[in-house]
Amino acid sequence: MTHPDAPSPRTAPAAAEPHAPLTEASATIDGDAGLSKKGLSAGSVGLIGAIVIGISCIAPAYTLTGALGPTVAEVGTQLPAIFLLGFIPMLLVAFGYRELNSAMPDSGTSFTWATRAFGPWVGWMAGWGLIAATVVVLSNLAGIAVEFFYLALAQAFNNPDLAELVGNPFVNVVTCLVFILGATFISYRDMQTTQKVQYWLVGFQLIVMIGFGVAAFWHVANGTAFDPTQVELSWFNPLEVGSFTAVVAGLSVSLFVFWGWDVTLTMNEETKGSNTTPGRAATLTVTIVVAIYLFVAMGALAFAGTGDSGVGLGNPEIQENAFFYLAGPILGPLAILMSLAVLSSSAASLQSTFVSPARTLLAMGHYGALPSKFARVSPRFFTPGYATVVSAVVAAVFYTVMRFVSEDVLWDTITTLGMMICFYYGLTAFAAVWYFRKTWFQSFRNAFFRLVAPLVGGLILAVLFFTTLIDSMDPSYGSGSNIGGVGLVFILGIVILATGVVIMVWQRIKRPEFFRGERLSKDVAKA
């Protein structure tokens, strides 16, 4: 429902011309002449709606089924400890995001903020990191949706052969493209449509996940668990993992399970109370999700253990898709609900994840860092229509290529995503530190939220990025897929970043105004 004081979607302000001078009279946000509105529908998302879309983008059911096995493979029963460790930098970085959003509410988020703090070159790459991460995860989301779509059909019709269709690359890719097409259609429409869809899909997956955790603990209590494992405090101790490399590998995957909360900030120009609501929604989203993860992960560990046979979470044959194998033993005849939950989770996230790259591309086009066509806003729905379609096409192509190249597309894209998350979240955290440098010691609050929190969070992510980059050169890293003896995860990461640099240099030649700071200039917070 649209807020009574908010402009109707059909009367929202028109977008400024992409390359017209940004004047204070026509395009100012909160008196900051460096930022400008883009024609999106203001006031169409409230706090609850932002949290729901944030949870949807993280997709708890989907992320756990893709990350539970790989993380256990690295850290064993210390899974809860790794999730908590992964949560800490996310929370610290979220504090920095909140401060930046309060000072500069702009749909370009990482791109805009890093440009204001460090200049156009760093800002452009921060935007590229966000776009690359979302394209990677969009393809992964579609892949999970395909797998659980055919699994649900197999369970519904009691025909195991239907589940095998996912192994056919041509059937897999075609089905994936259909899912991407549907998600693009919804994302192209107004934010009210997105919210209505997400309320149902997010609510259903959370209910099923909580039920899954309760059922797992019930089996343990009744002696019917596969490998009953007593919950211990040591599960929360990362020092018992065994090696720093394993901790880093586990953290790289655990970051994936928290990624997506920043979508609440990319909607800031469409949110009621754009200076405060998006930051509050981001913090609450991360906190809610970590609680759900810990409960479900502990239940799965207690029920299945970490053995390498059967449904033990250490079995490499089930690690790509843990819920596929655990649902039957834990939920019995209701196992189809978990399949539907993961399907709804991935489908919901597939749709909501389009929000971030589309609005980042919109901002980059609006400020002249990309062709002006990216700044187009749908005159009917007031959404970044062109940018949404481009995001969908790139994600579809990426998934198609990866499905035929990688032996284990889900594992490799998850690990590559972890690198991209570290890259652009880390840059944004450092942008918060530097942008607010003149306000650090004005109060204890500023010292913590504008210096300590984003600096520590950014440093943690920087260490993880470089460590993962080095380790992923090993051909056995990730799924073991490699090209010329070099790990596919490393190649993907380097190719993605190098592609960004090449496109950036080309844009510098074609659109020098942005790179001279004429469209969006460096600045520093005074208070």
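All residue numbers refer to positions in the sequence shown, counting from 1.
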If we only count heavy atoms from C-beta on, is the [X] to [Y] side-chain gap below 4.5 Å?
{"X": "Leu427", "Y": "Ser110", "result": "no"}
{"X": "Val342", "Y": "Phe324", "result": "no"}
{"X": "Ile494", "Y": "Leu469", "result": "yes"}
{"X": "Ile336", "Y": "Leu331", "result": "no"}
{"X": "Thr109", "Y": "Thr428", "result": "no"}

Got a donor-acceptor contact below 3.5 angstrom from the [X] side chain to the [Y] backbone?
{"X": "Thr229", "Y": "Asp227", "answer": "yes"}
{"X": "Thr468", "Y": "Phe465", "answer": "no"}
{"X": "Asn159", "Y": "Ala154", "answer": "no"}
{"X": "Thr467", "Y": "Leu464", "answer": "no"}
{"X": "Gln78", "Y": "Ser234", "answer": "yes"}
{"X": "Asn172", "Y": "Val166", "answer": "yes"}
{"X": "Thr360", "Y": "Ile131", "answer": "no"}
{"X": "Thr65", "Y": "Tyr62", "answer": "no"}

Indicate the ring-plane relationship of Phe295 and Phe217, choosing parallel, tilted or perpendicular according to the 30° and 60° boundaries.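 The rings of Phe295 and Phe217 sit tilted, inter-plane angle from 30° to 60°.
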Which class fits the ring pair Phe258 and Phe87: parallel under 30°, tilted 30 to 60°, perpendicular over 60°?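 Tilted.
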To check you understand the geometry: which heavy-atom pair defines the closest contact between [X] and [Y], and what is its length?
{"X": "Asn237", "Y": "Ala81", "result": "N-CB, 3.6 Å"}
{"X": "Met298", "Y": "Phe236", "result": "SD-CZ, 3.7 Å"}
{"X": "Tyr325", "Y": "Val311", "result": "O-CG1, 3.6 Å"}
{"X": "Ala396", "Y": "Ile180", "result": "CA-CD1, 3.8 Å"}
{"X": "Pro89", "Y": "Leu461", "result": "CB-CD2, 4.2 Å"}

Are Tyr424 and Asp262 close enough that a side-chain donor and a side-chain acceptor fall under 3.5 Å?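 Side-chain D/A pair, Tyr424 to Asp262: present.
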Under 6.0 Å between ring centres, would you say that holds for [X] and [Y]?
{"X": "Phe179", "Y": "Phe149", "value": "yes"}
{"X": "Trp261", "Y": "Tyr425", "value": "yes"}
{"X": "Tyr386", "Y": "Phe374", "value": "yes"}

Can you tell me if [X] has over 12 outside heavy atoms packed within less than 6.0 Å of its [atom1]?
{"X": "Glu240", "atom1": "CD", "answer": "yes"}
{"X": "Gln230", "atom1": "CD", "answer": "no"}
{"X": "Asn222", "atom1": "CG", "answer": "yes"}

